[in-house]
Amino acid sequence: MNFHSHSIPDRRRRFYLSMQKVLLHQQVENPLVVTDNQEYQSVIHYCKEMMTIHPGGRIILDIGKSIHGGIRLTYCDGPCRLRVKFGESVSEAVNTPDPDSSCREAVLETSNFGMLEYGNTVFRFVQIENIGKVPFVCQNIIAVALECDCIVTGAFESSDKLLNDIWKTAVRTVHLCMQDYIYDGSKRDRIVWMGDLHPEVKGICCAFSDTAIVRDTLEFIIRQTPCGEPMNGFYTYSCWFIITLWDYLCISSDDRFVREHAEYIQTVLRKWSTYVDADGKCIMPEPLFLDWPNENHPQAKSAGIHALLYWMITCGIKLLNYLGKDTSFLHTAQRKLGSNIPASAGRKAPAALLTLTGLSDCRNILETDPFAGVSTFYGYYMLLAKETVAAQKLIRRYWGGMLELGASSFWEDFDLAWMENAGRIDEIPVSGKRDIHLECGAYCYKGLRHSLSHGWSCSPAPFLSERCLGVSFPEPGKVIVKPDLGDLQELHGQVPTPLGIITVEADCRGRKNIVIPDGLILVKE
């Protein structure tokens, strides 16, 4: 019997996690009661030990890693008034969090005896202050994770522990954004942004066998966008839709989904193919968006969007060929765009897109001051456009830099220059050290608005699986396996497919062991 026959089921499950560390306590008795305490149910009698937060007192707790969800308070005496602040960094938990997208600060009223649960955001740290007039007598404070219960069936292990840790952190980052649908960030914006989805989809597909959330998210954004209108209001985001859809089809062989939306796909491609003039110039209408770092660099932005439209049309040709539809109008647009190749203006995001699409080899720009001008969003394309050893060095320095600062998930934005004299995000901010979360950031992610668990920053995971393990999918049902160790001594790993797991082992002496599931065609390059 189903008590809610018209309900919408939640794909997520709840997990209780004990607090791992007390970072600070003031006017608190027995603060360690809540660390490594697995009890999530209130007890009226025989509670062995309790914590008391006196009026004006506070405690700051660390779960040990970023989670999506909230906290549960189990308590005895009340009513009390508490102020709760969640933080992706300690700084966010002790300052005034940005109010956008998810609530990270609230005043809670407790009852006498019982439990109170609050929170629906990404956080690792929580500060609880007693702002009332009576002591808060607490049995436990426990974290409640609300997350997709997905098994990680992909893997990447190599002779470099740092790269291994970065792969796992990248997968965890995108997993935190797998909520109702794929959010760009589970703290902010908690929205399906089509422009962010491509690296997130690639990250999900290299790590999880269950990729239903990808199909559901693409279905959602199709439902929300009238046919022929720009996704999320940005014309470039519809380019990402076609590119993402082709990659998803190649990996998943989800023929049903693509055929169900064949008319929608054709309409988008026909309209976007008209955004090329007779001279081969991209004339997509506003609003246009490439990425934030190039928003105020019109020549670079224009070059990147030109390459993005070319990439979309290339993927569109493959999609329509697969569906058995006419592609002549796309070939015409592709030839025009290819006849008028813009310069990247020395900027790395357009340089990466121009290189990947084959329009222009701009790798020299990517290797000029190689650790500067990197972005978490376009990092995936910068990595793909680089030689393997250079890309591995960038991953270690750039994404490794976030780990060095205490990250347990990767951030919406990062600049290596921020690291100078910076404190760690998992420590109480101190005078004389840069408070990296409060003081750094730009564009729409300044200060505490900055998301430290952002899906588009998962780029190292798909890159390491695709380039170093060498597993790529040129067409539905087909796979190329060509390991490229770069500067690694050895590696082994797994990549999930609908037909089973691909297993790859390789070392620098040329020894390889590759296992392909039955039904998947291995393509020799």
Side-chain angles (χ1 to χ4, degrees), residues 64-66 151-175 199 202-209 251 352 363 366-367 370-371 374 376 379-411 414 416 419 424 457-473 479-497 500-517 522 524-525:
K65 62 181 179 181
S66 297
I151 299 171
V152 179
T153 52
F156 178 85
E157 295 289 340
S158 73
S159 51
D160 187 326
K161 182 180 182 303
L162 179 57
L163 287 184
N164 303 342
D165 290 343
I166 289 171
W167 188 93
K168 294 181 179 75
T169 305
V171 169
R172 175 57 177 165
T173 301
V174 76
H175 179 249
K202 296 299 287 286
I204 290 167
C205 289
C206 81
F208 303 102
S209 294
I251 297 167
R363 285 176 293 181
L366 296 172
E367 294 310 322
F371 305 120
V374 182
T376 47
Y380 180 49
Y381 314 108
M382 293 177 193
L383 292 174
L384 288 176
K386 284 174 171 279
E387 299 294 335
T388 303
V389 172
Q392 289 168 332
K393 289 178 179 178
L394 178 58
I395 291 172
R396 293 184 186 106
R397 279 282 295 276
Y398 188 75
W399 281 269
M402 289 183 252
L403 294 185
E404 194 175 326
L405 291 168
S408 62
S409 56
F410 291 132
W411 307 346
F414 182 57
L416 284 167
M419 295 185 70
R424 291 170 58 92
S457 64
C458 74
S459 305
F463 174 81
L464 291 169
S465 295
E466 185 175 344
R467 175 69 65 78
C468 296
L469 290 180
V471 179
S472 61
F473 300 88
V479 65
I480 295 169
V481 184
K482 189 179 178 182
D484 183 349
L485 278 72
D487 60 12
L488 298 172
Q489 297 300 304
E490 59 183 13
L491 58 74
H492 63 274
Q494 299 180 166
V495 176
T497 79
I501 304 294
I502 297 170
T503 302
V504 179
E505 295 181 14
D507 64 29
C508 61
R509 289 167 287 187
R511 292 185 293 190
K512 291 188 289 189
N513 182 31
I514 298 167
V515 179
I516 306 292
L522 180 63
K524 301 287 187 181
E525 279 196 316

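These numbers were taken from a predicted model, which means no experiment stands behind them.
Nearest heavy-atom pair across Ala207 and Trp167 is CB-CH2, 4.4 Å. Shortest non-hydrogen contact noted between Leu464 and Leu163 is CD1-O, 3.9 Å. Minimum interatomic distance between Phe410 and Ala170 (heavy atoms only, all atoms of both residues): CE1-N, 3.5 Å. Scanning both residues, Leu469 and Val504, for their nearest heavy atoms gives O-CG1, 3.7 Å. A pairwise comparison of heavy atoms in Ile166 and Gly400 identifies CD1-N, 3.7 Å as the closest pair. The nearest pair of heavy atoms linking Leu491 to Cys468 is CD2-O, 3.5 Å.
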Q) Where do His492 and Asn513 land on the side chain to side chain contact (heavy atoms under 4.5 Å, CB included) test, with the steps shown first? A) CA-CA 9 Å; His492 63 274; Asn513 182 31; over 6 Å; no
Q. Val495 and Phe473: side chain to side chain contact (heavy atoms under 4.5 Å, CB included), yes or no, with the steps?
A. CA-CA 11 Å; Val495 176; Phe473 300 88; 4.2 Å; yes
(Q) Could you walk me through whether Val374 and Leu416 satisfy the side chain to side chain contact (heavy atoms under 4.5 Å, CB included) test, starting with their C-alpha distance in whole Å, then the side-chain angles of each, then the deciding distance to 0.1 Å, before giving a yes or no? (A) CA-CA 9 Å; Val374 182; Leu416 284 167; over 6 Å; no
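In this structure, the separation between CG on Leu522 and CD1 on Ile480 is 8.5 Å, given to the nearest 0.5 Å. To the nearest 0.5 angstrom, Glu466 atom CD is 4.0 Å from Lys202 atom NZ. Remark: Ile395 CD1 to Arg397 CZ distance equals 13.5 Å, nearest 0.5 Å. Atoms CD and CD, on Glu505 and Glu490 in that order, are 9.5 Å from each other to the nearest 0.5 Å. Summarising the geometry, atom CD belonging to Gln392 is positioned 6.5 Å from atom CZ belonging to Phe463; distances are rounded to the nearest 0.5 Å. The CH2 atom of Trp399 sits 8.5 Å away from atom OG of Ser457, with the distance rounded to the nearest 0.5 Å.
Here the side chain of Ser408 pairs a donor or acceptor atom with the backbone of Ser66 at under 3.5 angstrom. At least one donor-acceptor pair under 3.5 Å links the side chain of Asn164 to the backbone N or O of Ser158.
Using a 4.5 Å heavy-atom threshold, the side chains of Thr376 and Met402 count as touching. Pro199 places a side-chain heavy atom less than 4.5 Å from the side chain of Tyr381. Considering only heavy atoms from C-beta on, Pro517 comes within 4.5 Å of Ile502 through its side chain. Contact annotation: the side chain of Ser465 never approaches that of Val471 to less than 4.5 Å [non-hydrogen atoms, C-beta and beyond]. Counting heavy atoms from C-beta outward, Thr497 and Ile251 have side chains that stay 4.5 Å or more apart. Counting heavy atoms from C-beta on, the side chains of Lys512 and Pro483 come closer than 4.5 Å.
In terms of the side-chain contact (heavy atoms from CB on, under 4.5 Å) criterion, residue partners of Thr153 (sequence neighbours excluded) are, by chain and number, Ile151, Ser209, Pro496, Ile501. By the ring pair (Phe, Tyr, Trp, His ring centres under 6.0 Å) test, Phe414 pairs with Tyr398, Trp411, Trp418, sequence neighbours left out. Looking at residues two or more places apart in sequence or on another chain, you find a salt bridge (Lys or Arg N to Asp or Glu O under 4.0 Å) between Arg363 and Asp361, Glu387. Residues passing the salt bridge (Lys or Arg N to Asp or Glu O under 4.0 Å) test with Glu157 are Lys168, sequence neighbours excluded. Residues forming a salt bridge (Lys or Arg N to Asp or Glu O under 4.0 Å) with Asp160 (at least two apart in sequence, or on another chain): Arg396. With sequence neighbours left out, Lys386 forms a salt bridge (Lys or Arg N to Asp or Glu O under 4.0 Å) with Glu367.
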